[in-house]
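Shown next, in structure tokens, is the structure this report addresses.
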2 protein chains.
Amino acid sequence: MPRPRSLTRSGIAAAALAVVDRDGLAALTMRAVAKELGMAAMSLYRYVADRDELEVLVVDHVLTDLDLSVPPGPWRDRIAGLLERMRAATQAHREVVPLVVRHRHAAPASLRWIEATLAVLTEAGFTGRRRVVAQRTLVAYLLGALQNEHYGPLSGSGTAAMAELSISDFPVLAETAAQARALPPADEFRAGLAIVLDGLSAAASAR
Amino acid sequence: MPRPRSLTRSGIAAAALAVVDRDGLAALTMRAVAKELGMAAMSLYRYVADRDELEVLVVDHVLTDLDLSVPPGPWRDRIAGLLERMRAATQAHREVVPLVVRHRHAAPASLRWIEATLAVLTEAGFTGRRRVVAQRTLVAYLLGALQNEHYGPLSGSGTAAMAELSISDFPVLAETAAQARALPPADEFRAGLAIVLDGLSAAASAR
DNA sequence: ACCGTAGATGTACGATGTACGCCTACGAAG
DNA sequence: CTTCGTAGGCGTACATCGTACATCTACGGT
């Protein structure tokens, strides 16, 4: 009987993502998203409870199309594939990194990804507390790496500034920062992930 | 000749931290900090350029008293000590975690900590690109773990909600979440750190 | 043709960061 | 002791934000 809805939550998420991709995260406001959809600001509240829920919608939208199928092979490679895909999805919309960090536990697509990684860990022999630790450690590395890349990319001005620091106050840091600038982000991510996976392999065989 | 200043930047940082500790991060506003100091809001702008700089001040204040001296011993233990201290410092002011993540590269105290960890890594035999990767991986784990603990503590409602998920949709996740609730945060941090350090040890001896 | 329901919206309020300009307290100079 | 230049302190004001509230309206079933 009532009037039909003219929007969908996923349409709203897509519009919000378009705003963020085009104008940056700071431009993500209720009014901006509404304008993107050609509606009044308050109309959005028929679809989301508040701004936080809008943000969750954006995160879920970014992660929705994640391919969770992992080709058969060593568990190490399968875990690496899942992490790489998560990184690729968020790197496609760099500005949402802070949102992913804050809302990952509320986005259904993120839960599906967690289930997939836990399944691989289980096959690899992780159970109980060791499985919990393995999962949380992988997520910690993933989120931390995304943030390193977002807030302080090795190719960015922060690293350049560190390279200019006084050699007497920061001898090792200044030298290391200079070396760091040449390391491509994808290489950095893979190398760090290899270290974590080496540690996990040790934990797997220790049991 | 001019009128002397009545505040110091570190006094402002302390007041801001007091606000955050008492009322939460969302309560950190220029007006609230000014009131805490018994001054007008605009007076703060004689000491900081903008709100972002205030946030950096808070981060630096939290990390200022970090003990960077590491007792002699295996490099593994020394790195672990530095990470544990960084965690302890931020856990003493939990609400500040998001600020530490965003501004760590701008806070001098954070740079000193990085220098200290790099020095230990250097002694352990890491140089060049491998040292960069080792450092960034440690920081990624550290920041990710802090955020896991802050936004989604294993003892919190997020984990409880995951434990209630449908067994048919999320068989492994639901089971794992139930097991996870009993893992104390400090144990979680240490266990994850051990995994990363195992990986680093492998990288160190591989060279 | 009508009508009840829920969607869409216009207005408005409190809160926030901060630009701008004025007032004033202080230490140095006389 | 008086004077004065300088920079600290602050009152006001504005744009922008999230969103509460009340009203209007478009639609599908009768």
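The structure presented is a predicted model; accordingly, all values stated were derived computationally and were not measured. Lettering follows sequence order; numbering is per chain, from 1.
Considering only heavy atoms from C-beta on, F189(A) comes within 4.5 Å of R87(A) through its side chain. The side-chain heavy atoms of F126(A) and L200(A), taken from C-beta on, include a pair separated by under 4.5 Å. Side-chain contact between V196(B) and Y141(A) is absent, with no heavy-atom pair separated by less than 4.5 Å. No side-chain heavy atom of T8(B) sits under 4.5 Å from any side-chain heavy atom of I12(B).
We find that R31(B) and E36(B) are not joined by a salt bridge, their nearest charged nitrogen and carboxylate oxygen being 4.0 Å or further apart.
The backbone N or O of L28(A) sits less than 3.5 Å from a side-chain atom of R51(A), completing a donor-acceptor pair. Between the side chain of S43(B) and the main chain of M39(B), no donor-acceptor pair closer than 3.5 Å is present. Looking at R102(B), its side chain never comes within 3.5 Å of a backbone N or O of V56(B) through a donor-acceptor pair. With hydrogens and angles ignored, the 3.5 Å screen pairs a side-chain donor or acceptor of E115(A) with a backbone N or O of L173(B).
A nucleotide of DNA chain C counts as in contact with chain A when one of its atoms lies under 4.0 Å from a heavy atom; the first and last such, 5' to 3', are dG4(C) to dA12(C).
Within the structure, the side chain to side chain donor-acceptor pair (under 3.5 Å) test picks out the following pairs touching residues 182-200 of chain B (sequence neighbours left out): R136(A)-E188(B), R76(B)-D198(B), E84(B)-R190(B).
Taking T176(A) as the reference, R131(B) meet the side-chain hydrogen bond (donor to acceptor under 3.5 Å, both in side chains) condition, with sequence neighbours excluded.
Taken residue by residue, residues 26-43 of chain A places heavy atoms nearer than 4.0 Å to DNA chain C at R31(A), M39(A), A40(A), M42(A), S43(A). For DNA chain C, the neighbouring residues in residues 44-51 of chain A, judged by any heavy atom under 4.0 Å, are R46(A), Y47(A).
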Show the distances under 3.5 angstrom between N or O atoms of the protein and N or O atoms of nucleotides 27-30 of chain D.
residue: dC27(D); atom: O2; partner: M1(A); partner atom: O; Å: 3.4

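Cation-pi contact between R104(A) and Y151(B): absent, since separation from the ring centre below 6.0 Å together with deviation from the ring axis within 45° is not met.
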